[in-house]
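Inspection log for the structure reproduced underneath, given as C-alpha cells.
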Amino acid sequence: MSFATAFIGGTGVYDPDILDDARLETVDTPYGEAVVNLGRFNGRNVVFLARHGAGHSVPPHRVNYRANMAALKKLGVQSVLATAAVGSLNPSMQPGDFVAVDQFIDLTKSRPQTYFEGGDEGVVHTDMTDPYCPRIRELLGRAGGSLKLVVHAGGTYVCTEGPRFETPAEVRMIQHVGGDLVGMTGVPEVVLARELDLCYSTVAMVTNFAAGISPTRLSHQEVLDVMAQNAGNIQRLAMQVIDWLGADRACPCRGDGTAPRL
Ligand code: HPA
C-alpha cells in the first residue's frame, strides 16, 4: 500500500485520531527507526508522524530527522505538510496567526543536516531557492480563506538549536538578519525533504512574541497552552490542504534525480 501524503505534527499536534483506522507502525531506515501512524483521510492514505514522539518526549535537538524523513520516503510519500510552533518577531504576525513559511535561516549547531555524506551517495549540493513547496503554500492560503483563519503568505523562519528559548540579544540579531519567526525544529527537516525531492511545506503557528518583545518571560507551558487553544484550527487547516492536494506536483520540488536511494 502506498502513502502519497504525510502530516508531521509538531508541538501541540499529536492526535492520530485525525485519521480513520490509524495504526501505529515502526519503519526501519538506514538512519534508525521512525514511528508513524498509517491511516485514511477522506478516502486517501495518509501518514501522520508526531515529530516529538509519544507524549512530546524527544526535544528538538534530538529528533531523528533523517530517520523520520527517510521513513516517509520509504512509504512512498510525495507531499508533506508539517506544523511548527513559533515565536514571532514581526508585529503583524500575532499569537494565534498562521504563516505559510517561504524561507529559512539555519542557526542550529549540532544536528546531522544531510543524507549526502560522501561515499556511495557522493557529494551533492542541493538547491534551496524554493525550500518550501509553492503549491502547498498556495493551498494553505486558500484553506485559510475558506476557514476564515489568518494565514500569512510568507515569512522567514529562523531555526535555533534550543531547547532553551533565545536571549533578547539573539532576538535583536535575528530581526537584523530578516527573521520573522523563530522555532527549533524546522531545520534540518526542510533540508532533508528537499534532498529527497519531496514537496514539503510548513504551516507555522505563532504562540508568542519572541523573548524581549513579549511583555512577559517565556515558558514552554505558554506555548503548549496557545497550541491547545488552536489545535482544532491547525488540524482543520492542515486537513483541508491535504484534502485538496492532488498528485500533479506542478512545482519545482521534483528535483534533478540526485535524491539518495534509501
Ligand atoms: N522561540 C523558539 N521556539 C519557539 C518559540 C520561541 O519563542 N515559541 C514557540 N517555539
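Counting convention: from 1, in listed order, for ligands and their atoms alike.
Counting the atoms of ligand 1 from 1 in the order shown, those under 4.0 Å from a heavy atom of Gly183 are 2 (C), 3 (N). Residue contact check: Thr207 has heavy atoms under 4.0 Å from atoms 8 (N), 9 (C) of ligand 1. Shown in contact with Leu218 at under 4.0 Å from a heavy atom are these atoms of ligand 1, numbered in order with element: 7 (O).
Of the protein's heavy atoms, Asn208 OD1, 2.7 Å lies nearest to atom 8 (N) of ligand 1. For atom 4 (C) of ligand 1, the nearest non-hydrogen atom of the protein is Val182 O, 3.7 Å. The closest protein non-hydrogen atom to atom 1 (N) of ligand 1 is Glu166 OE1, 2.8 Å. Annotation: atom 10 (N) of ligand 1 to nearest protein heavy atom, Ala85 O, 3.3 Å.
Of all the heavy atoms of Val86, the ones lying under 4.0 Å from any atom of ligand 1 belong exclusively to the backbone.
For CZ of Arg62, the number of neighbouring non-hydrogen atoms (other residues, nucleotides, ligands) closer than 6.0 Å is 12 at most.
Among the candidates Thr202, Thr156, Val101, the single residue satisfying the side chain to side chain contact (heavy atoms under 4.5 Å, CB included) test with Leu181 is Val101.
For the atom pair Leu198 CG and Ser79 OG, the distance stands at 8.0 Å (nearest 0.5 Å).
A salt bridge is absent between Arg172 and Glu170; no separation between the charged side-chain nitrogens and carboxylate oxygens falls under 4.0 Å. Look at Glu117 and Arg66 and you find a salt bridge, because one of the NZ, NE, NH1 or NH2 atoms lies within 4.0 Å of a carboxylate O, short of that distance.
Looking at Thr160 next to ligand 1, no N or O pair under 3.5 Å apart turns up. For ligand 1, one of its N or O atoms has an N or O atom of Gly87 under 3.5 Å away.
Aromatic ring centres of Tyr157 and Tyr132 lie farther apart than the 6.0 Å criterion allows.
A pairwise comparison of heavy atoms in Val226 and Asn230 identifies O-ND2, 3.0 Å as the closest pair.
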